[in-house]
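Notes for the one structure printed next.
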Amino acid sequence: MAVDFSRPISSVESLFSLSPFSVVATVFRLTGHVTNEQLEQAVATVQQNHALLQVKMVINEKNEKRFSARDVGPIPIETIPRKSAAHWMEVYHQHCAIPFDFDKRPCIRFILLQSELKCDLIIFAHHIICDGVSLAYLGRDILSAIGDPKTSHAEAIPAEPVNITNIPPGVKPNWLFKFALKRITKKFRKNREVFDFEDYKALHAAYWKNFTHHMLPLELDRNETAK
């Protein structure tokens, strides 16, 4: 039975909503050849196990943002020829300038840099649905599905976002964070400005026209990683 993952976007998630620069990416280097069909099948399999890969964003008449599982478009998957070991950096910067279709599909996309001997899989997502660690888990699941297409995945569980009412006993929110959040919320309600998806596209275009992010790659060998 299909599960409806529609729910309000939490206050913490709202800090990132419609932000032009809040993007997260991971890259997985694969030895051997991976086809577009294999990746599409793996993404479709893994999507069943991750709730936020099944939703889009909607804004209701009260200007409240929600995740909705209704009429959600497909996740974009692109395959391009792999030029070099550093090609993924160029592709990453190109995708930073491409806005997400928040109101049409999940805010994530997959890019496969393909060659006969090595392939690079780039997972490019918006921070509102993930962080780097969660993309590492997602990549692990996708590689498992590529390696064994018959691997079964349990259906996703609609996890409730962490908020002030469900923090585990014994864990106390940082007082400084609570104080700052209350001040921000008070000022926001007093001088509220509402942004929609068209505003996001305009902000996104202006931001990436005027700012350039710089990448500082650091590579560790097996022994350094083990330490």
Side-chain angles (χ1 to χ4, degrees), residues 5-28 36 39-40 43-44 46-47 50-83 87-114 120-136 138-139 142 161 188 192-216:
F5 296 118
S6 302
R7 65 164 175 81
I9 290 175
S10 71
S11 57
V12 175
E13 290 168 331
S14 291
L15 293 174
F16 303 105
S17 67
L18 305 184
S19 167
F21 54 81
S22 296
V23 295
V24 186
T26 57
V27 184
F28 297 84
N36 186 72
L39 178 57
E40 287 181 345
V43 170
V46 171
Q47 188 177 16
H50 294 270
L52 294 180
L53 300 188
Q54 302 179 36
V55 296
K56 64 180 182 180
M57 186 190 301
V58 297
I59 303 176
N60 63 20
E61 63 278 359
K62 297 181 181 180
N63 292 310
E64 298 169 333
K65 298 184 180 71
R66 295 181 58 87
F67 285 128
S68 173
R70 295 184 179 181
D71 301 320
V72 179
I75 294 175
I77 300 174
E78 181 182 2
T79 300
I80 58 180
R82 182 177 184 266
K83 298 178 182 178
H87 187 196
W88 66 269
M89 298 185 192
E90 175 188 340
V91 174
Y92 165 80
H93 284 296
Q94 290 172 348
H95 274 264
C96 283
I98 301 174
F100 288 99
D101 295 322
F102 284 105
D103 56 334
K104 296 181 175 64
R105 64 190 81 252
C107 48
I108 189 170
R109 45 187 180 257
F110 297 86
I111 307 99
L112 179 65
L113 305 185
Q114 187 185 65
D120 293 335
L121 172 62
I122 305 174
I123 306 178
F124 192 91
H126 196 275
H127 204 4
I128 194 172
I129 66 167
C130 70
D131 59 12
V133 174
S134 54
L135 284 192
L138 177 62
I142 288 175
F188 171 75
R192 187 173 185 181
E193 294 287 346
V194 178
F195 294 87
D196 59 18
F197 298 118
E198 292 303 315
D199 294 323
Y200 160 71
K201 292 178 181 178
L203 286 169
H204 190 281
Y207 181 87
W208 289 104
K209 181 180 179 181
N210 290 280
F211 290 90
T212 300
H213 289 198
H214 296 280
M215 185 179 296
L216 300 175

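Model, not experiment: these values are computed from the prediction.
By the 4.5 Å heavy-atom criterion applied to side chains, P106 and V72 are counted as neighbours. Within the 4.5 Å cutoff, side-chain heavy atoms of L138 are placed close to those of I108. Taking 4.5 Å as the limit, every side-chain heavy atom of F16 sits out of range of all side-chain heavy atoms of I9. Counting heavy atoms from C-beta on, the side chains of I98 and R109 come closer than 4.5 Å.
Ring geometry for H213 against Y207 counts as perpendicular: the plane angle is over 60°, on a 0 to 90° scale with 30° as the lower cut.
When all heavy atoms of R70 and K56 are compared, the pair lying nearest together is O-CE, 3.1 Å. Between L18 and M57 the shortest heavy-atom distance is CD2-SD, 4.1 Å. Closest heavy-atom contact between F28 and L135: CZ-O, 3.9 Å. What you find for S14 and S17 is that their closest heavy atoms are O-OG, 3.1 Å. Residue I80 comes nearest to H87 through the heavy atom pair CD1-CE1, 4.2 Å, listed as atom of the first residue, atom of the second, then distance. Closest of all the heavy-atom pairs between V24 and D131 is CG1-C, 3.9 Å.
Between the side chain of H204 and the backbone N or O of C96 there is at least one donor-acceptor pair closer than 3.5 Å. Using modelled atom types, no side-chain atom of S68 and backbone atom of S6 make a donor-acceptor pair closer than 3.5 Å. With hydrogens and angles ignored, the 3.5 Å screen pairs a side-chain donor or acceptor of W208 with a backbone N or O of P20. A side-chain donor-acceptor contact under 3.5 Å links H126 to the backbone of S19. Counting only distance, with no hydrogens or angles, the side chain of Q54 and the backbone of Q47 share a donor-acceptor pair below 3.5 Å. Distance alone, capped at 3.5 Å, is enough to place a donor-acceptor pair between the Y200 side chain and the F100 backbone. With hydrogens and angles disregarded, a donor-acceptor distance shorter than 3.5 Å links the side chain of R105 to the backbone of P74.
The CD1 atom of I129 sits 11.0 Å away from the NE2 atom of H127 when rounded to the nearest 0.5 Å. The line from CD of E40 to CG of L112 is 10.5 Å long, rounded to the nearest 0.5 Å. Remark: W88 CH2 to I122 CD1 distance equals 8.0 Å, nearest 0.5 Å.
Around the CG atom of D71, the shell of radius 6.0 Å holds no more than 12 heavy atoms that belong to other residues, nucleotides or ligands.
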Quiz prompt | Steps toward side chain to side chain contact (heavy atoms under 4.5 Å, CB included) verdict (I59, F102) | solution = CA-CA 10 Å; I59 303 176; F102 284 105; over 6 Å; no

Quiz item: Is there a side chain to side chain contact (heavy atoms under 4.5 Å, CB included) between K65 and E13 once you walk through the steps?
Solution: CA-CA 10 Å; K65 298 184 180 71; E13 290 168 331; over 6 Å; no

Exercise. Applying side chain to side chain contact (heavy atoms under 4.5 Å, CB included), run through V91 and F124 and close with a yes or a no.
Key: CA-CA 10 Å; V91 174; F124 192 91; over 6 Å; no

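Just one of T26, L39, V27 meets the side-chain contact (heavy atoms from CB on, under 4.5 Å) condition when paired with L121; it is L39.
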